[in-house]
Every structure is written in C-alpha cells, then in structure tokens.
Peer 1: 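My questions all concern the structure below.
In this text the structure is predicted, and so the values were computed from the model without any measurement. Each residue takes its place number in the sequence, starting with 1.
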Amino acid sequence: MNLFEESDLINNPFRCFYYDSINKEFPVKMHFHYYMEIALVVEGKCRMVNNDTSYILDEGEMIIFHPNAVHGVFPLEGNTDVVKYAVFKLDINRMNLTSAYSPKLRSIFKSIENNNMNPVISKDYVKTIDANKLFEKCIKEYDNKTYAYEMIIQTQIYELLIQIIRFYQEQGYNIDSDTYAEDGRYDIFCITDYIDNHIHENIKIQDIAKASGMSYSYFAKKFQSVYGKSCKEYIDQMRLFKVEELLMFTDFDLTYIANECGYSDCSHLINSFKKSKGTTPKHFRKAHAKKA
C-alpha cells in the first residue's frame, strides 16, 4: 500500500486550512509527506497517530508531525461527534529567518525530533499563545489570497514555530552543539536551502550533489523525484523569481541584477528572462511601473 502523499514544495512551501469529519474524507488514513504538519483540534476529540504511537487529542490541543512521519487521524471508538482541526503544512527547510546566534529552524526541529520530544502541545500553552486566532488569520489569508498574503502567513508561521520551540525549552529541551552542527549538513530534503544561499554564484549541480553527499546521477534522479523538476530547472526558476523582485521593487540596473542573481552577464539574463516571460526585463519593469 502506497502511503506517500504528493508534495509540491517548490510552488507551495506552505498550506493552511480547516479539516472536518463531515465535509472531508474521515478518518484520514496513514500517510506521509515531505512537509512538516502542525494540527490544532478546534472541535471534538480524536486519535492522531504519529509513526507507531497514538495520541488522544482534545479540543484545544496541538500536535506536530515532523517531515516524513507516517501519520493519520481517526475517530474515537464509539464517538460520532464532529471533529474539526486547523492545519499548517510547511516546508521547514524554507523557513530561514533566525537570529544571528541561533541555528536554523530546520536544525532545531530536527534536534527536537531526534530527542523524541512529545509531539503534543498542551491545551494551556496553546491558549497562552492564542494559537486559535493565529490559525484563523492565516487560513483566512490563504483562502482570500490578497496582496502580500504570503508574507503575512509566513510571519505568523515564524511566530508559531518560535513559540513551539519555547514550549519544548520549558520541557527541558536545550539547543546543543549538535544542533548548530546540523546547519552545515544537507540532504535532499533541505538542499534547496543550500541552493537559495548560493543562488547568486555560478553554482554547479556537481557541487550541490556533493554538498548533499550524493553522486551526480543519484542526486539528479532524487531531486526530480522529490521536487517534480530537475535541479537546473529549479535554479533557473529561483533566479527568475529574484530577477522579477529586483525589477519590480528596485531601480538597480541590469548589470547589477545579473551579477546578484548568478547570471554570467547582462545578455544571459535578458535572453533567459525573455524566453521564460515572453518579454524583456526592460518592458517588464515598465509594465509593472504603470500598474503601480
């Protein structure tokens, strides 16, 4: 039986929504995906399975499913009450906002997982951080998709992740030297973090494969399998996203933008942009300026 659930990490680094036992398929059968998932029970009571362990969650409790954890949601035996919960699915490897003295969030949560910390966040703590309102705001933003909704959601996700880390610290968790060391380790699931940090360079697939400890051929196949496109296609897409942002929100000239986004020269940038967008960077900037 195939338990894998497809994940579009590149185009959808996060998702947020409500799930209920009336309008959705229920129970939620055992499955896994590359997202981290955070679920908050807002109505009813249910059994949530995380790998080999079952947890009974009451209204107001929250649970974390780490990436690749096999999990499912089930009704309690003999209980026909409605179950409703709010969900964040996010690529923790793309959550890169940290303080100067702190490891990356992906490293901290990997350490939390390795330390076998209880994935259930208590009702009292959930209430203290007002998680219900946080989920509600993000789901509304995600559904409406108005201007800069991604930024608002990401800001809220960062707050929630930090509050969860503080919860575990209250339970005795410490950020040790191994957690800091994790920042420099890469596998196929966090290699996009490495690429994003080197996107301005003349980055080579061979170097990326080496950073993840894989041969070139195996890395190429694995990247395609996980992300649904080749590593080169991903790099090209990320560079074009960065070019778009700089064209729209700055007055930097094309030579500067080409250098900042990893293009060999201005001509390379113009040709790549025109091939992808059907217009030149100059015309794209003018069109955006008119809309503004």
Peer 1: Measure the spacing between CD1 of I162 and CE of M95 and express it to the nearest 0.5 Å.
Peer 2: 12.0 Å
Peer 1: Quick one: do the Y35 and N12 side chains pair a donor with an acceptor below 3.5 Å?
Peer 2: no
Peer 1: Is there a side-chain contact between M48 and V41 in this structure, where contact means two heavy atoms from C-beta onward sitting under 4.5 Å apart?
Peer 2: yes
Peer 1: Answer yes if L105 and L160 sit in the same cluster of Ile, Leu, Val, Met, Phe, Trp and Tyr residues linked by side chain heavy atoms under 4.5 Å apart, and no otherwise.
Peer 2: yes
Peer 1: Find the distance between CG (N93) and NZ (K110) and round it off to the nearest 0.5 Å.
Peer 2: 10.0 Å
Peer 1: So, do Y234 and D196 sit near enough that their side-chain heavy atoms are less than 4.5 Å apart?
Peer 2: yes
Peer 1: Test your reading of the model: is there a side-chain donor-acceptor pair from R285 to the backbone of T250, 3.5 Å cut-off?
Peer 2: yes
Peer 1: Got a donor-acceptor contact below 3.5 angstrom from the Y142 side chain to the E150 backbone?
Peer 2: no
Peer 1: Would you please classify the geometry between the F223 ring and the Y227 ring as parallel, tilted or perpendicular, with 30° and 60° separating the classes?
Peer 2: tilted
Peer 1: Honestly curious: do M248 and V243 fall in one hydrophobic cluster under the side-chain, below-4.5 Å linking rule?
Peer 2: yes
Peer 1: Donor-acceptor pair, D183 side chain versus K104 backbone, under 3.5 Å?
Peer 2: yes
Peer 1: Would you say V120 ends up clustered with M117 if hydrophobic residues are merged whenever their side chains have heavy atoms under 4.5 Å apart, either directly or through other cluster members?
Peer 2: no
Peer 1: Return the CZ to OH distance between F135 and Y85, rounded to the nearest 0.5 Å.
Peer 2: 12.0 Å
Peer 1: Strictly distance-based, threshold 3.5 Å: is any side-chain N or O of Y19 a donor or acceptor partner for the main-chain N or O of E25?
Peer 2: yes
Peer 1: Would you confirm whether D187, through its side chain, and F189, through its main-chain N or O, come within 3.5 Å as a donor-acceptor pair?
Peer 2: yes
Peer 1: If we count only N and O atoms by modelled type, under 3.5 Å, do the side chains of Q237 and N11 hold a donor and an acceptor together?
Peer 2: yes
Peer 1: Could you give the distance from CG (L161) to CD1 (I64), rounded to the nearest 0.5 Å?
Peer 2: 8.0 Å
Peer 1: On a heavy-atom basis, which atom in C231 and which in I208 lie closest, and how many Å separate them?
Peer 2: SG-CD1, 3.9 Å
Peer 1: Grab the two heavy atoms, one from A211 and one from I191, that are nearest each other, plus how far apart they are.
Peer 2: CB-CD1, 4.3 Å
Peer 1: Does NZ or CZ of K123 fall inside the cone over Y125's six-membered ring, less than 6.0 Å from its centre and within 45° of the axis?
Peer 2: no
Peer 1: Parallel, tilted or perpendicular, judged at 30° and 60°: which one describes the rings of H66 and F109?
Peer 2: tilted
Peer 1: Does K145 NZ have over 12 foreign heavy atoms under 6.0 Å away?
Peer 2: yes
Peer 1: Taking the side chain as every heavy atom from C-beta outward, state whether R239 and Y263 have any atom pair closer than 4.5 Å.
Peer 2: yes
Peer 1: Side-chain contact test, heavy atoms from C-beta onward, threshold under 4.5 Å: evaluate it for T146 versus E141 and give yes or no.
Peer 2: yes
Peer 1: Salt-bridge test for K89 and E5: reply yes if a basic N is under 4.0 Å from a carboxylate O, no otherwise.
Peer 2: yes
Peer 1: Just checking K229: does its NZ atom have more than 12 heavy atoms from other residues, nucleotides or ligands closer to it than 6.0 angstrom?
Peer 2: yes
Peer 1: Please state whether the rings of H71 and H33 are parallel, tilted or perpendicular, taking 30° and 60° as the class boundaries.
Peer 2: perpendicular
Peer 1: Ignoring hydrogens, what is the shortest heavy-atom contact between P27 and P75? Give both atom names and the distance.
Peer 2: CB-CD, 3.8 Å
Peer 1: Any non-hydrogen side-chain atom of Y55 less than 4.5 Å from a side-chain atom of N118?
Peer 2: yes
Peer 1: Taking the side chain as C-beta and beyond, is there a heavy-atom pair between L254 and L247 under 4.5 Å?
Peer 2: yes
Peer 1: Would you call E136 and K133 a salt bridge, using N to O less than 4.0 angstrom?
Peer 2: no
Peer 1: Where the side chain of T179 meets the backbone of I175, is there a donor-acceptor pair that is under 3.5 Å apart?
Peer 2: no
Peer 1: Between C261 and L246, what is the shortest heavy-atom contact and its length?
Peer 2: SG-CD1, 3.8 Å
Peer 1: Main chain of S230, side chain of Q224: is a donor-acceptor contact present, judged purely on distance under 3.5 Å?
Peer 2: yes
Peer 1: Is the shortest side-chain N to carboxylate O distance from E244 to K277 below 4.0 Å?
Peer 2: yes
Peer 1: I want to check something: taking the side chain as every heavy atom from C-beta on, are Y168 and I112 in contact at a cut-off of under 4.5 Å?
Peer 2: yes
Peer 1: Do the side chains of D81 and K45 get close enough for a salt bridge, i.e. N-O under 4.0 angstrom?
Peer 2: no
Peer 1: Mind checking whether L40 and V126 have side chains closer than 4.5 Å, heavy atoms only?
Peer 2: yes
Peer 1: Taking H198 for its side chain and Y194 for its backbone only, find out whether a donor-acceptor pair lies under 3.5 Å.
Peer 2: yes
Peer 1: Closer than 3.5 angstrom, by distance alone: can the side chain of S276 be matched with the main-chain N or O of F273 as a donor-acceptor pair?
Peer 2: no
Peer 1: Evaluate the ring planes of H288 and F249, with Trp represented by its six-membered ring, and classify them as parallel (under 30°), tilted (30 to 60°) or perpendicular (over 60°).
Peer 2: perpendicular
Peer 1: If you measure from CG on D130 to CD on Q163, what distance do you get to the nearest 0.5 Å?
Peer 2: 10.5 Å
Peer 1: Output, in order, the C-alpha distance, side-chain angles, deciding distance and verdict of salt bridge (Lys or Arg N to Asp or Glu O under 4.0 Å) for E245 and K242.
Peer 2: CA-CA 5 Å; E245 288 183 348; K242 191 169 182 180; over 6 Å; no
Peer 1: Passes ring pair (Phe, Tyr, Trp, His ring centres under 6.0 Å), F14 versus F88? Steps please.
Peer 2: CA-CA 7 Å; F14 58 80; F88 273 139; 8.3 Å; no
Peer 1: Just by distance, no angles: are the side chains of S111 and Y173 close enough, under 3.5 Å, to form a donor-acceptor pair?
Peer 2: yes
Peer 1: Look only at the side chain of N174 and the backbone of D176, and say whether a donor-acceptor pair between them is shorter than 3.5 Å.
Peer 2: no
Peer 1: Is any side-chain N of the basic residue among D193 and R94 closer than 4.0 Å to the acidic one's carboxylate O?
Peer 2: no
